[in-house]
Amino acid sequence: MVTSYEPMSLATLATHLTSADSDRIRWKLVWEFLEEYRWEPVDTRVGLLQDEPGPTGDARWDALLAALAEHLLAQADLAPPTWAETRVLRRAWFPAELAIHRADALAWAPAGFRKHGVYLSVHDLAAA
């Protein structure tokens, strides 16, 4: 039996995030998504971001998915998907545990992430 490869979309990532049992695994899934996304041809990438992800059960991760979509589409000079507009945290989320990393995120979080209340440094995204 031959199976074909399909890159992970944000909608698929949301499903995986929902079933993950720890934040450590959730972050690994996000990094895996970003790695797969980087290897895809430019014309394929946009399609991975368009479909609205289902709710993860955690507003922080839902906002992170919206921030990822907005950030990655902005890099392609495209507008964010309409589904991302409502996924904004009322209280900022700093995923980093160390104060120095939080300060870095405050200074270097991309605009799409700040807009959604997720403070993750652009350096963290690049290192993924």
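Keep in mind that this is a model prediction, so the values were computed, not measured. FYI, the numbering just counts along the sequence from 1.
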Min side-chain heavy-atom separation Arg26-Ser19 under 4.5 Å: no
Nearest heavy atoms of Ala96 and His101, plus distance in Å: CB-CB, 3.4 Å
Cluster link Trp93 to Val88, ILVMFWY, side chain under 4.5 Å: no
Nearest heavy-atom neighbours spanning His16 and Met8: CD2-SD, 3.9 Å
Nearest-0.5 Å distance that lies between atom NZ in Lys28 and atom OG in Ser22: 8.5 Å
Any donor-acceptor N/O pair, Asp62 side chain to Arg87 backbone, under 3.5 Å: no
For the student: nearest non-hydrogen atoms of Leu120 and Pro95, plus distance: CD1-CG, 4.4 Å
For Asp58, all residues meeting salt bridge (Lys or Arg N to Asp or Glu O under 4.0 Å), sequence neighbours excluded: Arg60
Thr18 and Thr15: side chain donor to acceptor below 3.5 Å: no
Nearest heavy-atom neighbours spanning Leu89 and Ala59: CD2-O, 3.4 Å
Hydrophobic cluster (4.5 angstrom, side-chain heavy atoms) - remaining members for Phe94: Leu106, Tyr119
Short side-chain donor-acceptor distance under 3.5 Å, Glu35 and Trp39: yes
Student check: side-chain heavy atoms of Tyr37 and Leu49 closer than 4.5 Å: yes
Smallest separation among heavy atoms of Leu125 and Pro110, with atom names: CD1-CG, 3.9 Å
Flag if over 12 foreign heavy atoms under 6.0 Å of CG, Leu98: yes
Contacts table for residues 63-85: side-chain donor-acceptor under 3.5 angstrom, sequence neighbours left out:
from	atom 1	to	atom 2	distance (Å)
Glu70	OE1	Lys115	NZ	3.4
Glu70	OE1	His116	NE2	2.8
Glu70	OE2	Lys115	NZ	3.4
His71	NE2	Gln75	NE2	3.3
Trp83	NE1	Gln50	O	3.0

More than 12 heavy atoms of other groups within 6.0 Å of Trp108 CH2: no
Approximate separation, where rounding is to 0.5 Å, of Thr12 OG1 and Glu36 CD: 9.5 Å
Residue pair Ser121 / Asp104: nearest heavy atoms and the distance that separates them: OG-OD2, 3.0 Å
